There are 2 protein chains.
Amino acid sequence: MKHYTIKDIAKKLNVSISTVSRAFNDKYDIKKETKDLILKTAEEMGYIPNPMAKKLSQKRSLNIGVVVPEFINEYYSEIVIAIQEFFRSKGYQVLVMQSDEDETQELTNAQTLIHNMVDGLIVAPTAGYKNMQYYQSRIKEGYPLVFLNRIEESVPVSKVVFNNTKWSFFATEHLIRQGYQKIYHLSGYKDLSVTNERVEGFKKAMDKNNIQKENYKIIETGLLAEEGMEVVEGLMFHHDIPDAFFCVNDMVAIGVMKKLKDNGYRIPEDVAVVGFTETRIAKLIIPQLTSVKQPTFEMAKKAGEILLKRITNPSAEIETQIFNGELNVRKSSVREVSN
Amino acid sequence: MKHYTIKDIAKKLNVSISTVSRAFNDKYDIKKETKDLILKTAEEMGYIPNPMAKKLSQKRSLNIGVVVPEFINEYYSEIVIAIQEFFRSKGYQVLVMQSDEDETQELTNAQTLIHNMVDGLIVAPTAGYKNMQYYQSRIKEGYPLVFLNRIEESVPVSKVVFNNTKWSFFATEHLIRQGYQKIYHLSGYKDLSVTNERVEGFKKAMDKNNIQKENYKIIETGLLAEEGMEVVEGLMFHHDIPDAFFCVNDMVAIGVMKKLKDNGYRIPEDVAVVGFTETRIAKLIIPQLTSVKQPTFEMAKKAGEILLKRITNPSAEIETQIFNGELNVRKSSVREVSN
DNA sequence: TTTTTTGCCGAAAACGTTTCCGAAATTAGT
DNA sequence: ACTAATTTCGGAAACGTTTTCGGCAAAAAA
């Protein structure tokens, strides 16, 4: 009922508040018996330390901030869950804020968390990178910060990223090997590092296989299924449906598949579709969707580890971790009758 | 760089710290000019008030806690986003924690948030309700608390819920009207209020339409697609595939559809499938999935409103809000050729 | 002019901890 | 038994705010 404080315990036991404080933070000199006594009666009284006071005097909050662009697509949900799991075991609490793919919101989120004295921050930036100057300043002040997944090269900060170029390349080459000639890449927002990298991988595969420029296209879209559908609609109007679509994510791929099937195209016989950043739905849709799986859990955990290292040891050096994934080939992109 | 405090400003301007404090919280007597001067120089110095100190002395945090069972299914993601949006405009920050459908974790989450002095808490309980005693105690202490969506009847607390019984009834009747005779309900976890309510609605529809007990079944599952698939597999083994499946959510429905289609069943000609708590994928899958749409956004906002009212006016009375949705009929459950 | 009100502000206590510093009590060393 | 070292503890400052109380001017009322 009433919130007891350290003072109440001290009064009750006729000891000083410093002694009581010592009992809880066992790094100080205190007789074992008095410590036990204090802890016991504190327990009995139902004492709960006030975290605000603790943070105020300790200058740390045991809180970690996470800023993600969204968590409506399961990718960032998984990331957040993994980060929470990691930090929970270390005694930290993870506060999550989402930016709704809006740069201004992202800045507000980061500021709010920092002003709330989170001990460190993991940020998956949204497109645009207008906030880099702000992050730069925090970094200069020594604020523990780790960037995740969407990265501005110029900022000297620890980063955890996926090797988009490489796996985009693999996914594209897979399509080429299957015999699909004309391949269009639906590329997500531009100005986004992941997008640019995937475009790069796509182009590389085209170059390496000597596919001429008139036989591929890069079409900018968003991350939603509807946007994939719109693109296909536009292409149908111009009688310009290619042999294969390589999409920025599964949702767009599913939109593409939907529109194609609605219009009588057979997948994969007529048109192949490949996604990226595999989600659970890839295995459930018919035909099953080929996609690149990212090691979401491991990436999130690594980001946590780097941040924690940086928090406990302020002079820990900046590190960049690049992760690889796997291409899960499924029916949506194989011409032969196989799995 | 250096974090300035209220003292620094006071010293610089030769005023007292109380005057500076007054300048920021304009409810106190202070001359307009000095206030402006203080605010201006504070701005120049890049002063940021320390939230911990503020919370410590004000006894409130301007933080709101939200505990959800998971946010991997887009339902709770949307809920959280809507709650954040609501509170952000009121100057509150929303801290999110997820319980991974685990009661112990849920308790830890709620405790963590409360110990961190969130001004109020919105909880969507996980199955089991073992933590009700804890919540009871908080409520007795006057802690602002709103329950969302999964409710224990016995606890006297403000609640925001969806009318599961009613819409489960409607969805089931829709199947009956379409001429499907034998209908199985895949019901999610037992012990969960939403599950029980939907089962109730399902049974009501059966009763009202005089469908005999041997022509329907209620099968307990989880919330994942895989579990829907397993059920179908089991039923196929016993040559017991019904005319229609009414599923606890879209993911299970999709699992069911997948397994059925893989085994040559046509949907909806041979078997109909209906989901619940509509997600984006419902429109994208083929055939499109009939599902019950919940007013996620409005429900979340209402929960926020009730909580805020309770925070600003501690004697605000308990209220229960029951929401209705809509049944979006799509191809997966209509026999006639229509849209 | 004297008294009362008003406007503005400073001093200081309070919020609940941690932690430095020194003192008392105990133990060890000779 | 006397000094030295060690253990254990209390006092008090500090963290950065808010807020109560009261004081002193200036303005208003008498």
Side-chain angles (χ1 to χ4, degrees), chain A residues 1-39 41-43 45-63 91 93 112 114-119, chain B residues 1-39 41-43 45-63 91 93 112 114-119:
Chain A
M1 179 117 304
K2 192 59 58 70
H3 258 199
Y4 288 108
T5 78
I6 216 173
K7 273 185 202 162
D8 299 319
I9 304 178
K11 202 178 294 169
K12 184 160 188 172
L13 294 177
N14 272 324
V15 296
S16 76
I17 58 167
S18 30
T19 306
V20 179
S21 177
R22 273 188 275 260
F24 290 106
N25 319 314
D26 28 33
K27 47 186 169 173
Y28 281 95
D29 308 332
I30 184 170
K31 208 194 320 186
K32 177 124 185 24
E33 301 143 36
T34 57
K35 176 179 168 180
D36 291 345
L37 179 64
I38 288 171
L39 290 182
T41 60
E43 171 77 28
M45 295 170 73
Y47 163 75
I48 294 168
N50 181 315
M52 296 309 147
K54 193 176 266 183
K55 289 175 197 173
L56 180 59
S57 81
Q58 286 191 153
K59 306 216 156 235
R60 60 174 201 161
S61 65
L62 287 178
N63 283 353
Q93 187 199 175
T112 307
I114 288 181
H115 293 174
N116 265 274
M117 287 188 162
V118 292
D119 296 340
Chain B
M1 177 118 303
K2 192 61 57 70
H3 257 199
Y4 289 107
T5 76
I6 217 174
K7 272 185 203 161
D8 300 318
I9 304 177
K11 201 180 294 170
K12 182 160 189 173
L13 294 178
N14 271 324
V15 296
S16 75
I17 58 167
S18 30
T19 306
V20 178
S21 177
R22 274 188 273 260
F24 290 105
N25 319 315
D26 26 34
K27 47 187 169 174
Y28 282 94
D29 307 334
I30 186 172
K31 208 196 318 186
K32 177 118 181 34
E33 301 144 36
T34 57
K35 176 177 167 180
D36 291 343
L37 179 64
I38 289 172
L39 290 182
T41 62
E43 171 76 28
M45 295 169 73
Y47 163 74
I48 294 168
N50 181 317
M52 296 310 146
K54 192 176 267 183
K55 289 175 198 173
L56 181 59
S57 82
Q58 286 191 154
K59 307 219 157 228
R60 59 173 204 163
S61 64
L62 288 179
N63 282 354
Q93 189 198 172
T112 307
I114 288 181
H115 294 173
N116 265 274
M117 288 188 160
V118 292
D119 295 340

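Values in this document were obtained by computation on a predicted structure and should not be read as measured data. To find a chain, count down the sequence lines: A is the first, B the second, and so on, and within it residues start at 1.
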Between protein and nucleotides 23-29 of chain C, map the contacts as a letter string: B base, S sugar-phosphate only, - none, heavy atoms under 4.0 Å, written 5' to 3'.
-------
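A search for side-chain contact (heavy atoms from CB on, under 4.5 Å) contacts involving B/Ile17 returns B/Ile6, B/Lys7, B/Ala10, not counting sequence neighbours. Residues that satisfy the side chain to side chain donor-acceptor pair (under 3.5 Å) test with B/Asn50, not counting sequence neighbours, are absent from this structure. The side chain to side chain donor-acceptor pair (under 3.5 Å) test applied to B/Ser18 returns B/Ser16, not counting sequence neighbours. Applying the side-chain contact (heavy atoms from CB on, under 4.5 Å) criterion to A/Lys54, with sequence neighbours excluded, gives A/Pro49, A/Gln58. For A/Asp8, the side-chain contact (heavy atoms from CB on, under 4.5 Å) criterion is met by A/Tyr4, A/Thr5, A/Met45, not counting sequence neighbours. Among residues two or more places apart in sequence or in another chain, the side-chain contact (heavy atoms from CB on, under 4.5 Å) test is passed with B/Leu37 by B/Leu13, B/Thr41.
Contact check, A/Asn50 against C/dC15: no side-chain N or O comes under 4.0 Å of OP1 or OP2. Remark: B/Tyr4 is not in phosphate contact with D/dT17, judged by side-chain N or O atoms under 4.0 Å from OP1 or OP2.
Recorded end-axis angle for the helix from C/dT1-D/dA30 to C/dT30-D/dA1 stands at 50°, based on five pairs per end and rounded to 10 degrees.
A/Phe24 comes within 4.0 angstrom of no nucleic acid atom, judged by non-hydrogen atoms across all strands. Nucleic acid contact for A/Ile48: sugar-phosphate only, since backbone atoms but no base atoms lie under 4.0 Å from a heavy atom of the residue.
If you check residues 52-63 of chain A against DNA chain D, the residues with a heavy atom closer than 4.0 Å are A/Leu56, A/Ser57, A/Lys59, listed by number.
Following rounding to the nearest Å, B/Asp36 (CG) and C/dC8 (C1') show an atom-to-atom distance of 15 Å.
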Distances under 3.5 Å between protein N/O atoms and the N/O atoms of nucleotides 8-12 of chain D, please, pair by pair.
unit_1: D/dC9; atom_1: OP1; unit_2: A/Thr34; atom_2: OG1; d: 3.4
unit_1: D/dC9; atom_1: OP2; unit_2: A/Lys31; atom_2: N; d: 2.7
unit_1: D/dC9; atom_1: OP2; unit_2: A/Thr34; atom_2: OG1; d: 3.0
unit_1: D/dG10; atom_1: OP2; unit_2: A/Ser16; atom_2: N; d: 2.9
unit_1: D/dG10; atom_1: OP2; unit_2: A/Ser16; atom_2: OG; d: 3.0
unit_1: D/dG10; atom_1: OP2; unit_2: A/Thr19; atom_2: OG1; d: 2.2
unit_1: D/dG10; atom_1: N7; unit_2: A/Ser18; atom_2: OG; d: 3.4
unit_1: D/dG10; atom_1: N7; unit_2: A/Arg22; atom_2: NH2; d: 2.7
unit_1: D/dG10; atom_1: O6; unit_2: A/Arg22; atom_2: NH1; d: 3.2
unit_1: D/dG10; atom_1: O6; unit_2: A/Arg22; atom_2: NH2; d: 3.3
unit_1: D/dG11; atom_1: N7; unit_2: A/Ser18; atom_2: OG; d: 3.4
unit_1: D/dG11; atom_1: O6; unit_2: A/Ser18; atom_2: OG; d: 3.3

